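What you see is a predicted model, and the numbers here were worked out from it, not measured in a lab. Just so it is clear: chains get the letters A, B, ... in the order the sequence lines come, proteins before strands, and each one is counted from 1. Heavy atoms only: backbone and side chains are in, while hydrogens, waters and symmetry mates are out.
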Amino acid sequence: MLRVYNTMTRKLEEFTPREKGKVYMYVCGLTPYDYSHVGHGRSAVVYDVMHRYFECLGYEVIHISNFTDIDDRIIKRAQELNLNFRELSEKFVAIFLKSLEALNVKKLFMYPRATENIQEIIDMVKELEEKGFAYETSDGVYFSVRKFKDYGKLSHRNIEEMISGARVDVNEEKHDPLDFALWKKAKEGEPSWESPWGLGRPGWHIECSAMSLKYLGNGFDIHGGGDDLIFPHHENEIAQSEACTGEVPFVRHWLHNGMVVIEKEKMSKSLKNFFVLGNLLQDYDGEVVRLFFISVSYRKPLNFDVESLELARKNYTYFSESYKTLKTLLERNKVNSALDVHSAITKWKEAFTNAMDDDFNTSVAISILFDMFRYVNANRDRIDSVGAKAIDALCKDIFLVLGFDHLGDDKVSLDSSFKKELIKAINDFKVNDIVKESFKDFNENLEIVDIINEIIKIRKAFRDSKNFKASDVIRNGLSDVGVVFEDTKNGTKYKLVMTNEKREE
RNA sequence: GGCGCCGUGGCCAAGUGGUAAGGCAAGGGUCUGCAAAACCCUUAUACGUCGGUUCGAGUCCGACCGGUGCCUCCA
């Protein structure tokens, strides 16, 4: 039984869908006025894991996430950069979506934009006005929070206390300081749309109500977003939506993810600790970043620091190398052993399900991977193909849920720049007194893989003749360009790793 | 001021009543020409402080200390 933490009730509760076998989820996306940061990436990844787990449980998932592509910040930024507001927002949307791809975030059902749903927004504001929840002023249309008696139920705030404690608002026309804009009338030169109140644009909040109701229908299953959206954004969404439809609840389960923090402080631009997601993904593999994101409960703050990222990288490499080991066992013949692989698998499966059922406890889910791979490595000589295949099947299930789509693949592409470095290493060998004789006639026109195998052959000759000084020169030289040699009973194996230099470029 | 969250061994991090998962780091070992990788073992009087409830609390209650979030734009 899957249990999720609902911000509204402040309790873990059984997940119950509106419609049998389907999950309708809406996750608040970003306002594309600048490069997206690491926090946006985390948010996307944690909801992606939920999405994947729902599918694992057999649900059809209708998952959408919006872009609020018209807003004061977008207008301001577009003016600064002398761009059309749409060019600006779509540019940052595209960059963000590219980052999501690197993070293996599944393509969503749709990514609705506020500007594509202006008519629905206007209709909703009109209806709120007709029902007496909204009023027009000289600069826009506002929602009257006092008219909605449940105001504050999500964030557990008392409306009277908030009003008395509210900061002075410069807008004298608002009935209450907490009233918020549903529609903003356009000033000269601003992007705008025709409406019953003249030219203008949507306020913040209303687009999410309009789009979630339009595409998912009232009373949908999951509404998510960062916990900084609880108030006022989601509180206002509830107020607008329930006032408009007259029905409760607007949403069945309210889920919120914790912020990414730096030195315990929330990541934000004003504090100058803003980290661009795209830059991080140049330094670290997307799946490593993903592991970093899900190593902590989605509800807790996640500290962003190099140590944690390096730990994720190290652990990811362990998973990856171990999984490759498992794959070598798939074609293994029957071996004599009393190894009870199946009871181990049963135990892991159950542990994984229990962890994920407990509000998506990915920390525990990951610990199961450590269990599994330690078992594989420790018993690599005793697992036969039947056992290996069974473990492999479970691995694939788990990777699918956690989103490790390329775990075990060779990540470093054997591109031309890599070959250049390899040739450079070989050139160094050609002038190294210890090994140069062997590299005199080296054929550099071979394929990369053949070059490496050729080097292994040369090195083997040195090793066979106990010239370890020479073999170490070769091993160290290649390790510098990211080819790591490992001498095993069955000959020398190599693996390709990203070097520090490459990572820092 | 209002509403929250967090404080677990050197570091990261699970754990909502029964006596502390997992990872990293550290030490020792197996293997190896040496490494690397892998595995085995070890380590630690780790639950912010002080009270309370309970047969029993990291886990519930209270107070306090420290950190932090929302209340203004914010994933």
Side-chain angles (χ1 to χ4, degrees), chain A residues 7 10-12 27-31 33 36-47 65 68 71-73 96 152 155-158 160-162 164-167 169 178 204 224-233 235 256-261 263-270 274 277 291-292 295-297 299-303 305 307-312 314-315 317-318 321-322 324-325 351 355 358 361-371 373-381 462-464 466-469 471-472 475-476 479 484-489 492-495:
Chain A
T7 305
R10 288 184 172 163
K11 284 193 182 107
L12 276 178
V27 177
C28 279
L30 48 84
T31 300
Y33 74 103
S36 48
H37 57 68
V38 176
H40 296 127
R42 180 195 192 192
S43 183
V45 166
V46 300
Y47 290 104
S65 190
T68 300
D71 130 295
D72 294 352
R73 286 168 299 166
F96 179 60
S155 54
H156 306 276
R157 288 158 202 244
N158 178 298
E160 297 305 330
E161 281 173 3
M162 279 193 287
S164 62
R167 293 162 204 196
D169 201 299
L178 263 51
W204 186 43
D227 63 18
D228 55 348
L229 296 180
I230 295 171
F231 190 90
H233 186 57
E235 193 70 60
H256 293 95
N257 64 277
M259 297 290 102
V260 173
V261 297
E263 299 293 331
K264 304 273 169 79
E265 283 186 62
K266 180 177 165 183
M267 178 181 291
S268 70
K269 290 180 113 175
S270 56
F274 177 85
L277 180 60
L291 177 60
F292 165 65
S295 59
V296 177
S297 159
R299 284 200 276 136
K300 291 196 174 169
L302 172 66
N303 205 36
D305 60 64
E307 289 74 25
S308 301
L309 282 163
E310 286 299 318
L311 178 60
K314 184 152 192 162
N315 288 337
T317 303
Y318 175 75
E321 293 302 313
S322 301
K324 282 185 205 166
T325 298
D358 180 22
N361 191 333
T362 48
S363 308
V364 171
I366 289 165
S367 76
I368 295 160
L369 287 180
F370 280 106
D371 252 24
F373 287 129
R374 191 163 39 74
Y375 181 94
V376 167
N377 287 321
N379 296 294
R380 60 196 298 172
D381 296 327
F462 284 126
R463 293 186 72 220
D464 288 346
K466 307 262 185 246
N467 186 348
F468 296 121
K469 206 170 190 176
S471 75
D472 287 351
R475 185 171 62 194
N476 293 338
S479 143
V484 177
F485 281 171
E486 296 176 359
D487 298 322
T488 74
K489 262 182 259 176
T492 297
K493 303 217 181 326
Y494 69 89
K495 67 180 180 189

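Spacing between atom CD of Glu235(A) and atom C1' of rC3(B) amounts to 11 Å, rounded to whole angstrom units. Computed from coordinates, the Asp381(A) CG to rC31(B) C1' distance equals 12 Å when rounded to whole Å. The separation between Arg463(A) atom CZ and rU32(B) atom C1' is 8 Å, rounded to whole Å. As rounded to whole Å, 5 Å separates atom C1' of rA36(B) from atom CD of Glu486(A). Distance CE (Met267(A)) to C1' (rG69(B)): 15 Å, rounded to an integer number of Å. What separates CD of Glu263(A) from P of rC6(B) is a distance of 21 Å, to the nearest Å. Rounded to a whole Å, the CZ atom of Arg157(A) is 7 Å from the P atom of rC71(B). To the nearest angstrom, P of rC39(B) lies 9 Å from CZ of Arg380(A).
Of the side-chain N and O atoms in Lys300(A), one or more sit less than 4.0 angstrom from OP1 or OP2 of rA14(B). Taking only side-chain nitrogens and oxygens, Arg10(A) comes nearer than 4.0 Å to OP1 or OP2 of rG4(B). Remark: His156(A) is not in phosphate contact with rC3(B), judged by side-chain N or O atoms under 4.0 Å from OP1 or OP2.
If you check every strand for non-hydrogen atoms under 4.0 Å, Glu307(A) touches nothing. Across all strands shown, Ser297(A) has heavy atoms under 4.0 Å from sugar-phosphate atoms exclusively, and none from any base. The residue His37(A) sits close to a base: some heavy atom pair falls under 4.0 Å. Among the protein residues, Gly258(A) comes within range of the nucleic acid bases, having at least one heavy atom under 4.0 Å from a base atom. Val261(A) comes within 4.0 angstrom of nothing in the nucleic acid, heavy atoms only. Counting any heavy atom pair closer than 4.0 Å across all strands shown, Gly225(A) reaches sugar-phosphate atoms only and no base atom. Nucleic acid contact class of Asn377(A) (heavy atoms, under 4.0 Å, all strands): sugar-phosphate only. As judged by a 4.0 angstrom heavy-atom cut-off over every strand, Phe468(A) is placed among the base-contacting residues. No engagement by Lys493(A) is indicated, since no non-hydrogen atom pair under 4.0 Å with the nucleic acid exists. Within 4.0 Å of Ser268(A), counting heavy atoms only, lies no atom of the nucleic acid at all. Base contact: Lys266(A) has a heavy atom under 4.0 Å from a base atom. No contact: Ile230(A) has no heavy atom under 4.0 Å from any strand.
When the nearest nucleotides of RNA chain B are assigned to Thr317(A) and Lys489(A) by heavy-atom distance, the more 5′-ward of the two goes with Lys489(A). Across the interface with RNA chain B, nearest-nucleotide mapping of Asp472(A) and Ser295(A) shows Ser295(A) to be the residue nearer the 5′ end.
In terms of the salt bridge (Lys or Arg N to Asp or Glu O under 4.0 Å) criterion, residue partners of Glu486(A) (sequence neighbours excluded) are, by chain and number, Lys495(A).
Salt bridge annotation for Lys469(A)-Asp472(A): absent, with no cationic side-chain nitrogen under 4.0 angstrom from a carboxylate oxygen.
Spacing of P atoms, rU8(B) relative to rC50(B), comes out at 16 Å, to the nearest Å. Atom P of rU45(B) sits at a distance of 13 Å from the matching atom of rG9(B), rounded to the whole Å. Taking the C1' atoms as reference points, rC40(B) lies 29 Å from rC47(B), given to the whole Å. A distance of about 11 Å separates the P atoms of rG18(B) and rA57(B), rounded to the whole Å. Spacing between rC12(B) and rC3(B) at atom P, rounded to whole Å, works out to 31 Å. Using atom P as the reference point in both rU59(B) and rA63(B), the two lie 15 Å apart (nearest Å). Across rG27(B) and rA44(B), the matching C1' atoms stand 12 Å from one another, rounded to whole Å. Nucleotides rC70(B) and rG48(B) are separated by 24 Å at their C1' atoms, to the nearest Å.
Side-chain N/O atoms of Asn361(A) and base N/O atoms of rG15(B) include no donor-acceptor pair closer than 3.5 Å. The base of rC73(B) has none of its N or O atoms less than 3.5 Å from a complementary donor or acceptor on the side chain of Asp71(A). Counting distance only, with no hydrogens placed and no angle test, the side-chain atoms of Arg475(A) and the base atoms of rA36(B) include no donor-acceptor pair under 3.5 Å.
Taking the side chain as every heavy atom from C-beta outward, Ser322(A) and Val376(A) never approach each other to under 4.5 Å. Thr492(A) places a side-chain heavy atom less than 4.5 Å from the side chain of Arg463(A).
Below 30°, between 30° and 60°, or above 60°: for Tyr318(A) and Phe373(A) the angle between ring planes is above 60°, a perpendicular geometry.
Paired with His40(A) under the rule side chain to side chain contact (heavy atoms under 4.5 Å, CB included), one option of Leu30(A), Val260(A), Val45(A) passes, and it is Leu30(A).
If you check rA37(B) for Watson-Crick or wobble pairing at under 3.5 angstrom, you find it has no partner at all. For rA63(B), the paired nucleotide is rU49(B), the pair qualifying as Watson-Crick or G-U wobble because both relevant distances are below 3.5 Å. rA44(B) is unpaired under the criterion used here, namely a Watson-Crick or G-U wobble arrangement in which both key atom distances are under 3.5 Å. Pair assignment for rC70(B) gives rG2(B), based on Watson-Crick or G-U wobble hydrogen-bonding distances that are each under 3.5 Å.
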Across nucleotides 20-27 of chain B, 5' to 3', mark each nucleotide with B, S or - according to how protein heavy atoms within less than 4.0 Å reach it. -BSBSS--
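Here CG of Asn303(A) is found 6.5 Å from CD of Glu263(A). Values are rounded to the nearest 0.5 Å. Taking CD of Glu235(A) as the start and CE of Met162(A) as the end, the distance is 6.5 Å to the nearest 0.5 Å.
Counting heavy-atom neighbours within 6.0 Å of Arg299(A) CZ, excluding the residue itself, gives a total above 12.
Listed for the Asn158(A) side chain is a donor-acceptor partner under 3.5 Å among the backbone atoms of Glu161(A). Looking at Ser295(A), its side chain does come within 3.5 Å of a backbone N or O of Phe292(A) through a donor-acceptor pair.
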